[in-house]
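Everything on this sheet refers to the single structure shown next.
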Amino acid sequence: TQLLEQSPQFLSIQEGENLTVYCNSSSVFSSLQWYRQEPGEGPVLLVTVVTGGEVKKLKRLTFQFGDARKDSSLHITAAQPGDTGLYLCAGEGRNYGGSQGNLIFGKGTKLSVKP
Amino acid sequence: EPEVTQTPSHQVTQMGQEVILRCVPISNHLYFYWYRQILGQKVEFLVSFYNNEISEKSEIFDDQFSVERPDGSNFTLKIRSTKLEDSAMYFCASSESRVSNTEAFFGQGTRLTVV
């Protein structure tokens with residue numbers, strides 16, 4: 001069974017601090033996606049990482065895909081209150097027949113940035 | 001900007017009643033999905049739909065669930081006889097092609113409350 005474990009589950013920090021959240025699995029994923037979800041809304045895609053070791057930057061957000069494609073991290077520099085939200089990682093479900101065409105989600109990291 | 005729209009935003013139903021959740025995917029997308037998120041838990045895949053038929057479904061998607069694309073624009077999820085444990089946010093999503101490496105766009109969700 002493919003599982004994505006995210007840590008920490010909750011993170012409360014002050015504005016201006018840096019933070020890293022993690023997404024780990026014992027399974028290899030062809031790609032991993034990071035989403036942000038606001039309360040009462042659907043997930044919104046931030047980035048997709050595809051190549052082992054890949055690093056992608058989105059303004060103050062840096063995403064890294066592990067060399068073995070089993071894990072990923074999201075680093076936020078100088079966090080702002082507007083970064084508050086639920087950050088989800090997701091990967092494509094696969095079985096022995098190949099791609100299942102669906103996404104497996106982690107439980108998410110709930111980030112709160114206080115002014 | 002094109003978006004996935006879902007109606008209603010909130011549905012309250014009595015246990016045992018049938019409910020239909022509606023979604024209008026992005027117009028040029030070919031793959032459609034339903035996911036659900038029970039309060040405090042992770043987003044879970046229910047079903048994917050392509051070329052007017054189910055392409056994948058999860059263990060959650062039992063005989064009580066069905067999907068339909070009745071008129072070429074709407075994509076519906078029907079729950080025949082709702083149970084208390086069906087209470088959740090239900091998200092519709094669509095993508096241009098199969099989900100791997102392709103962005104899946106999520107709707108804002110329908111909050112289903114079964115009483």
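Sequence lines set the chain letters: A, B, ... in the order given, protein chains first and strands last, and positions in each chain run from 1.
- Using a 3.5 Å distance cut-off with no hydrogens or angles, the side chains of A/Q33 and B/E103 do not pair a donor with an acceptor.
- For B/L39, the CG atom is loosely surrounded, since the number of other residues' heavy atoms within 6.0 Å does not exceed 12.
- Tested against B/K42, the residues A/L88, A/L4, A/L3 include a single side-chain contact (heavy atoms from CB on, under 4.5 Å) partner, A/L3.
- Cluster membership for A/Y22 and A/V55, using ILVMFWY side-chain heavy atoms within less than 4.5 angstrom, is not shared.
- The environment of B/Q14 atom CD is sparse: at most 12 non-hydrogen atoms of other residues, nucleotides or ligands sit within 6.0 angstrom.
- Within a 6.0 Å radius of CZ in B/R111, no more than 12 heavy atoms belonging to other residues, nucleotides or ligands are found.
- With rounding to the nearest 0.5 angstrom, the CD atom of A/E38 is 10.5 Å from the CD atom of B/Q108.
- Screening B/F45, B/Y35, B/Y33 for a side-chain contact (heavy atoms from CB on, under 4.5 Å) with A/L103, the sole residue that qualifies is B/Y35.
- When heavy atoms are compared at a cutoff of 4.5 Å, A/Q6 does not approach chain B at all.
- For the pair B/F91 and A/G42, the tightest heavy-atom approach, listed with the atom from each and the gap, is CE2-CA, 3.3 Å.
- Applying the 6.0 Å contact sphere to CG of B/D63 captures no more than 12 heavy atoms from other residues, nucleotides or ligands.
- Looking at B/E44, neither its backbone nor its side chain comes within 4.5 Å of chain A, counting heavy atoms on both sides.
- A 6.0 Å sphere centred on NZ of B/K83 holds more than 12 heavy atoms belonging to other residues, nucleotides or ligands.
- Atom CD of A/E41 and atom CZ of B/F106 lie 13.5 Å apart (nearest 0.5 Å).
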